[in-house]
Amino acid sequence: MNILEGLNGPQREAVTTTEGPLLIIAGAGSGKTRVLTNRIAYLIREKNVSPYNILAITFTNKAANEMKDRVERQLDMPARNMWISTFHAACVRILRDGADRIGYKSSFIIYDTSDSIALIKSCLKDLNLDPKYYDPKAMLRAISRAKDKLIFPNRFEKEMSSDFRGRKTAAIYKEYQKRLRDLSAMDFDDLIMKAVDLFKNNEDFLAQYQKKFKYIMVDEYQDTNHAQYELIKILSKRHGNICVVGDDDQSIYGFRGADIRNILDFEKDLPNAKIIKLEQNYRSTQNILDAANNLIVHNKGRKGKKLWTNIKDGADIALFEADDDRMEARYVVSEIVSLVDKGFSLSDMAILYRTNAQSRVMEEELAQDQISYRVVGGLRFYERKEIKDILSYLRLIQDPSDEISFLRIVNEPTRGIGDKTIDEITRFARTKGISLYEASKDADAASLSKRQIKNVTSFTEIMDQLIGFKDDMSISSLIEQVLDKTGYSDALKNAGTPEAEARMDNLGELVNAAKEFEKDNPDLALEDFLTNIALVSDIDSLEQGQGIVMMTVHSAKGLEFPVVFLVGMEDGLFPISKALDDPAGMEEERRLCYVGITRAKSILYVTYARARNTYGRVVVNVPSRFIKEIGIAPQHKVYDKSDLRAKREETKPKPKGDYRVGMKVLHRMWGSGMIVQVKDMGNDRELSIVFNSVGLKKLSANIAPLKIEEGENG
DNA sequence: CCGTCGTCATTTTTT
DNA sequence: ATGACGACGG
């Protein structure tokens with residue numbers, strides 16, 4: 001079997017252009033992964049390149065694993081020597097190798113967002129700053145953006161010194177980095193920034209890697225930030241064989257520091273670069289592609305390309321206007337049922353939305369009809385409280401000097417160690433220059449009461465015992481021991497609530513995950529398990545299973561489904577309200593919508609609701625401007641909503657009919673919108689409705705059954 | 001020190 | 001609507 005067989009012209013060229021810088025503009029569904037895997041196979045088989053010399057970077061672990069599998073299948077040999085991984089995973093590997101050169105232990109731990117926020121809070125306390133004014137999340141965002149741009153604390157300080165707040169932010173950044181180092185911890189952004197730093201300051205170390213990586217490939221290049229760009233640039237400097245694959249129309253991570261200029265300016269950076277466009281789409285029907293093309297031409301800053309396909313027109317795009325979010329969900333469910341009747345499988349379908357919060361109504365209505373579903377993302381598994389608690393125990397076992405983990409679980413479950421005791425231990429630890437855990441072990445020496453000493457000692461005894469287990473026990477058994485010895489299981493069992501039961505189930509899942517990990521990586525230790533968990537996301541484990549999947553459009557990037565429901569297409573939701581008066585943001589929303597549309601292979605549904613429950617309030621919206629841009633004619637499909645209405649009333653009886661709009665303005669909103677108070681005469685209760693500016697204009701038309709009374713405030 | 005009550009933010013998107 | 005977090009009283 002020939003590697004070039006079945007490839008079209010541009011694809012073939014992309015596979016065989018192995019030397020020098022190459023930019024592949026790969027439209028959605030243009031066989032990008034195939035090109036990348038074949039290119040690797042071509043390098044090894046035809047060009048006699050050693051797998052050892054190849055570095056392939058993908059965006060998600062899922063994509064990395066898929067690529068690894070496909071390469072292995074194609075070459076019929078294990079890809080063990082090849083680096084196929086995400087930016088973050090590759091950097092962890094590099095950093096563990098060179099950690100000592102930047103003053104880190106090679107066993108450094110990786111902080112996720114909530115760990116980072118906890119640490120920022122702790123820094124604020126030390127710096128005597130009010131978290132009300134210096135919002136930890138906002139601070140972390142600022143720091144994160146700086147790291148994306150490789151701005152270290154010193155430079156940040158210089159650049160931000162013009163105002164008071166900037167100086168304080170710089171101080172927080174500085175303190176945060178210092179604390180991270182003391183804790184031998186790195187956050188997500190550090191992984192990239194420190195890897196670049198390590199290379200820049202250690203020529204011999206860099207030379208080693210430059211020599212090794214003769215051929216570098218980067219997938220989803222449009223989503224790289226400046227730091228990632230620098231990393232690639234520095235690594236590829238020696239051999240110059242850098243191949244990046246991306247689609248400027250699918251750049252959707254600007255909020256995370258992704259710099260679309262990386263792709264738009266590729267030729268400027270590398271004047272001898274070759275550019276290949278893959279414009280033939282093998283995924284979707286012509287109708288779906290037309291929709292996508294119609295939409296994306298409204299964006300200005302793009303390289304410009306037009307997808308085409310040999311696949312026939314296919315079904316019209318279905319557009320549905322629901323009265324509210326529940327009816328929208330009802331409609332989706334009824335369509336799913338009829339598609340299943342027509343022979344579609346649930347696993348052929350996906351519901352995509354802009355925000356995670358939208359999954360809720362969908363879940364309720366799917367459950368109502370007993371349709372199995374899976375929600376990807378949202379409250380991620382590894383971010384649940386009980387999971388984080390147990391992981392904190394594991395981290396503390398791994399590294400007893402980890403103070404954030406220590407603080408998280410000293411009193412979880414409650415064992416009588418409160419703020420007073422912890423303050424005292426902290427003070428003691430600081431004066432002696434030891435870690436909190438060491439200080440606890442020396443509780444007698446600290447000025448603690450008898451009772452406090454007893455509580456603290458019982459904690460350290462449990463911990464010491466667990467630490468003793470570490471080396472001669474599997475990870476899963478260790479987790480079971482943690483659950484048992486710390487009393488965590490007992491505390492949950494005693495609670496006896498259904499919610500505690502769910503937590504127990506999740507912990508069971510964690511034990512399973514550990515068993516799975518042991519099976520796949522028999523030679524790896526606890527440290528590697530923790531690293532793996534820190535870098536893995538739910539989407540990575542999305543497998544062909546039963547049930548319809550639900551996820552955000554962001555999560556769906558890189559995936560495809562025969563049937564896609566793109567729901568919640570309303571101005572203010574998609575595009576999100578924050579982007580409404582921000583041209584760059586609007587373009588990103590449009591690209592996001594483009595990603596959503598192009599996930600569909602044969603059937604695409606677009607739905608929106610005129611009113612939607614948000615923050616426990618009813619919000620009246622207008623259809624998304626993108627619907628017009630796509631050019632879906634409303635007459636594509638006409639539905640009789642009466643049975644949907646009936647069904648909705650049946651499942652969730654709502655007050656009907658005779659509202660009285662009091663027009664008492666509770667709160668004036670952005671633009672000309674407002675919140676008004678409404679009296680529901682049917683149920684004798686009051687509720688408030690939010691009207692945005694356009695919604696207000698259409699008030700009488702939109703809410704025909706409502707009787708509007710004279711307002712108090714006009 | 002522990003639990004309960006009230007207040008507040010949350011809804012952008014994630015490695 | 002719901003959950004996280006801080007303030008209070010037992």
Side-chain angles (χ1 to χ4, degrees), chain A residues 57-64 85-92 110-114 116-118 121 131-132 135-138 141 144 147-148 186-192 220 223-225 227-228 251-258 325 352-361 364 376-380 382-385 410-411 413-423 449 451-452 455 495 499 531 533-540 551-557 568 572-580 582 585 588-589 591-593 595-596 612-619 687:
Chain A
I57 304 271
T58 61
F59 196 67
T60 63
N61 293 298
K62 183 185 185 340
S85 71
T86 63
F87 267 107
H88 296 267
C91 286
V92 168
I110 300 162
Y111 271 18
D112 70 12
T113 310
S114 57
S116 299
I117 287 173
K121 281 182 187 161
K132 284 263 159 55
D135 174 32
K137 267 196 203 132
R141 245 193 320 269
S144 179
K147 290 180 176 177
D148 287 341
M186 295 197 203
D187 66 16
F188 286 135
D189 308 305
D190 279 338
L191 296 176
I192 316 292
E220 308 284 12
D223 289 323
T224 51
N225 60 35
Q228 292 164 331
S251 164
I252 55 175
Y253 285 101
F255 68 95
R256 206 174 66 190
D325 49 347
L352 307 183
Y353 35 72
R354 178 66 241 263
T355 68
N356 279 307
Q358 289 166 258
S359 72
R360 191 168 201 133
V361 210
E364 284 170 10
V376 177
L379 346 155
R380 276 189 296 289
Y382 291 113
E383 281 171 14
R384 286 163 213 245
K385 181 188 180 317
V410 246
N411 203 32
T414 56
R415 41 174 83 90
I417 303 174
D419 291 347
K420 272 272 150 53
T421 314
I422 289 169
D423 281 349
S449 73
R451 166 147 222 105
Q452 288 175 317
N455 291 337
E499 165 188 73
T531 300
I533 279 178
L535 296 178
V536 105
S537 73
D538 287 4
I539 189 84
D540 298 331
M551 68 186 97
T552 62
V553 182
H554 280 92
S555 297
K557 194 176 69 162
L573 186 62
F574 200 172
I576 200 103
S577 54
K578 295 251 170 68
L580 253 29
D582 166 18
E588 181 147 318
E589 292 293 306
R591 291 192 293 269
L592 186 58
C593 185
V595 168
R612 178 176 297 276
N613 279 86
T614 316
Y615 293 111
R617 280 228 180 80
V618 179
V619 179
L687 58 149

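Reminder, nothing fancy here: chain letters follow the sequence lines and each chain counts from 1.
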Donor-acceptor contact present, side-chain A:Asp148 to main-chain A:Asn225, <3.5 Å
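Between the backbone of A:Asn225 and the side chain of A:Asp148 there is no qualifying donor-acceptor contact (under 3.5 Å).
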
Examine [N]: is either OP1 or OP2 under 4.0 Å from a nitrogen or oxygen in the side chain of [X]? Give yes or no.
X: A:Thr113; N: B:dT15; answer: no
X: A:Ser555; N: B:dT13; answer: no
X: A:Asn356; N: B:dT13; answer: yes

Pick base, sugar-phosphate or nothing for A:Asp112, based on heavy-atom distances below 4.0 Å to the nucleic acid.
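The residue A:Asp112 makes no contact with any strand.
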
Between B:dT13 and A:Phe255, is there a base-stacking contact, meaning the centre of the base's six-membered ring lies under 5.5 Å from the residue's ring centre while the planes stay under 30° apart?
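It does: the ring sits over the base of B:dT13.
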
Roughly, in whole Å, what's the span from [atom1] in [X] to [atom2] in [N]?
X: A:Lys137; N: B:dT14; atom1: NZ; atom2: P; result: 14 Å
X: A:Ile576; N: B:dT12; atom1: CD1; atom2: P; result: 6 Å
X: A:Asp325; N: B:dT11; atom1: CG; atom2: C1'; result: 13 Å
X: A:Asp189; N: B:dT14; atom1: CG; atom2: P; result: 16 Å
X: A:Arg617; N: B:dA9; atom1: CZ; atom2: P; result: 13 Å
X: A:Gln228; N: B:dT14; atom1: CD; atom2: P; result: 16 Å
X: A:Lys147; N: B:dT14; atom1: NZ; atom2: P; result: 21 Å
X: A:Arg451; N: B:dC1; atom1: CZ; atom2: C1'; result: 9 Å

Tell me, please, which residues at least two apart from [X] pass salt bridge (Lys or Arg N to Asp or Glu O under 4.0 Å).
X: A:Asp223; result: A:Lys557
X: A:Lys578; result: none
X: A:Arg591; result: A:Glu588

Mark up nucleotides 1-7 of chain C, 5' to 3', with B wherever a protein heavy atom is under 4.0 angstrom from a base atom, S wherever such an atom reaches only the sugar-phosphate, and - elsewhere.
BS--S--

By side chain to side chain contact (heavy atoms under 4.5 Å, CB included) - contacts of A:Val361 (at least two apart)
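Residues passing side chain to side chain contact (heavy atoms under 4.5 Å, CB included) with A:Val361: A:Asp325, A:Arg326, A:Ala329.
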
Calculate, to the nearest 0.5 Å, the distance between atoms CE and NZ belonging to A:Met186 and A:Lys147 respectively.
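A:Met186 CE to A:Lys147 NZ: 10.0 Å, rounded to 0.5 Å.
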
The test is side chain to side chain contact (heavy atoms under 4.5 Å, CB included); show your working for A:Gln228 and A:Ile57 and say whether it passes.
CA-CA 10 Å; A:Gln228 292 164 331; A:Ile57 304 271; over 6 Å; no

Kindly say whether, by distance alone, the side chain of A:Arg354 makes a donor-acceptor pair under 3.5 Å with the base of B:dT11?
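Side chain to base: no pair present.
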
Side chain to side chain contact (heavy atoms under 4.5 Å, CB included) for A:Phe255 and A:His554? Distances and angles first, verdict last.
CA-CA 12 Å; A:Phe255 68 95; A:His554 280 92; 3.8 Å; yes

Identify, between A:Ala89 and A:Ile422, the residue whose nearest nucleotide on DNA chain B lies closer to the 5' end.
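Nearest-nucleotide comparison on DNA chain B picks A:Ile422.
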
Can you name the closest pair of heavy atoms from A:Ala89 and A:Leu535 and give their distance?
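In terms of heavy atoms, the two residues are closest at CA-CD1, 3.8 Å.
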
As a quick check of understanding, evaluate side chain to side chain contact (heavy atoms under 4.5 Å, CB included) for A:Asn613 and A:Arg617, giving each step before the final call.
CA-CA 5 Å; A:Asn613 279 86; A:Arg617 280 228 180 80; over 6 Å; no

Nearest listed nucleotide, side chain of A:Glu589, among B:dT11, B:dT12, B:dT14:
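Looking only at side-chain atoms, A:Glu589 lies closest to B:dT12.
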
Sub-3.5 Å pairs of nitrogen or oxygen atoms, protein against nucleotides 2-7 of chain B:
{"residue": "B:dC2", "atom": "OP1", "partner": "A:Gly416", "partner atom": "N", "Å": "2.8"}
{"residue": "B:dC2", "atom": "OP2", "partner": "A:Asn411", "partner atom": "ND2", "Å": "3.3"}

